[in-house]
Amino acid sequence: MKSVAVIILNWNGKELLSQFLPSVVKHTPQDIANIYVADNGSNDDSVAFIRQNFPEVKLMEFDQNYGFSGGYNRAIAAIQEPYTVPVSYTH
């Protein structure tokens with residue numbers, strides 16, 4: 001089992017994901033970490049974009065927007081890695 005979970009919370013952030021996710025994938029050591037995108041009920045093409053372009057990223061789809069802390073708390077509760085790295089991005 002990998003020891004680190006890099007968690008990106010997303011809500012309608014396809015544009016930001018396309019800008020920043022390639023760097024996160026490139027610079028995250030695959031041997032020790034999993035990358036997760038926790039989607040907070042997006043209604044843009046974020047989920048399809050991730051599936052199509054980043055198959056190595058683990059996708060967590062929430063049924064609605066649980067907000068910043070609610071989304072991260074749900075994501076952290078669902079993972080098994082002992083260490084988490086929450087990643088934030090803003091406009």
Side-chain angles (χ1 to χ4, degrees):
M1 174 180 16
K2 297 181 183 181
S3 59
V4 178
V6 176
I7 304 171
I8 300 168
L9 185 65
N10 177 65
W11 182 73
N12 291 339
K14 178 184 172 188
E15 191 174 309
L16 291 170
L17 288 170
S18 67
Q19 183 177 358
F20 296 111
L21 192 53
S23 180
V24 173
V25 170
K26 179 179 178 181
H27 297 290
T28 299
Q30 300 269 328
D31 57 330
I32 64 165
N34 285 314
I35 301 170
Y36 294 86
V37 172
D39 187 77
N40 232 353
S42 293
N43 55 21
D44 66 354
D45 293 328
S46 299
V47 170
F49 172 77
I50 295 164
R51 283 194 180 120
Q52 182 175 357
N53 296 288
F54 298 96
E56 67 275 27
V57 171
K58 298 181 181 301
L59 185 59
M60 305 167 89
E61 295 181 69
F62 301 145
D63 60 342
Q64 65 183 31
N65 187 342
Y66 289 98
F68 185 81
S69 60
Y72 271 121
N73 286 338
R74 284 178 176 275
I76 290 169
I79 59 132
Q80 296 191 5
E81 293 84 351
Y83 302 103
T84 60
V85 179
V87 177
S88 294
Y89 55 83
T90 59
H91 294 272

Candidate list Val24, Leu21, Ile35, test side chain to side chain contact (heavy atoms under 4.5 Å, CB included), partner Phe54, passing option: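 With Phe54 as partner, Val24, Leu21, Ile35 yield a single side chain to side chain contact (heavy atoms under 4.5 Å, CB included), made by Leu21.
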For Asn65, which of Asp39, Asn40, Asn12 qualifies under side chain to side chain contact (heavy atoms under 4.5 Å, CB included)? Asn40
Side-chain contact, heavy-atom cut-off 4.5 Å: Leu17 with Ile8?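 Yes. Closest side-chain heavy atoms under 4.5 Å.
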Side chains of Leu9 and Pro86: does their closest heavy-atom pair fall under 4.5 Å?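 Sidechains of Pro86 and Leu9: no contact.
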Is a donor on one side and an acceptor on the other found under 3.5 Å between the side chain of Lys2 and the backbone of Glu81? no
Donor-acceptor check, side chain of Ser18 to backbone of Glu15, threshold 3.5 angstrom: yes or no? yes
Answer yes or no: are there more than 12 heavy-atom neighbours, outside Gln80 itself, under 6.0 Å from its atom CD? no
Go through it in stages, so that I can follow the logic: the residues are Asn10 and Leu16, the test is side chain to side chain contact (heavy atoms under 4.5 Å, CB included), and I'd like the CA-CA distance, side-chain angles, deciding distance and then a yes or no. CA-CA 9 Å; Asn10 177 65; Leu16 291 170; over 6 Å; no
Any chance you could measure [X], atom [atom1], to [Y], atom [atom2], to the nearest 0.5 Å?
{"X": "Trp11", "Y": "Asn43", "atom1": "CH2", "atom2": "CG", "result": "6.5 Å"}
{"X": "Asn34", "Y": "Thr84", "atom1": "CG", "atom2": "OG1", "result": "13.0 Å"}
{"X": "Glu56", "Y": "Gln30", "atom1": "CD", "atom2": "CD", "result": "6.0 Å"}

Kindly work out whether a path of hydrophobic side-chain contacts (I/L/V/M/F/W/Y, heavy atoms less than 4.5 Å apart) joins Ile32 to Tyr36. no
Show the nearest heavy-atom pair for residues Lys14 and Ser46, with the distance to one decimal.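 Reported closest heavy-atom pair: N-OG, 3.2 Å.
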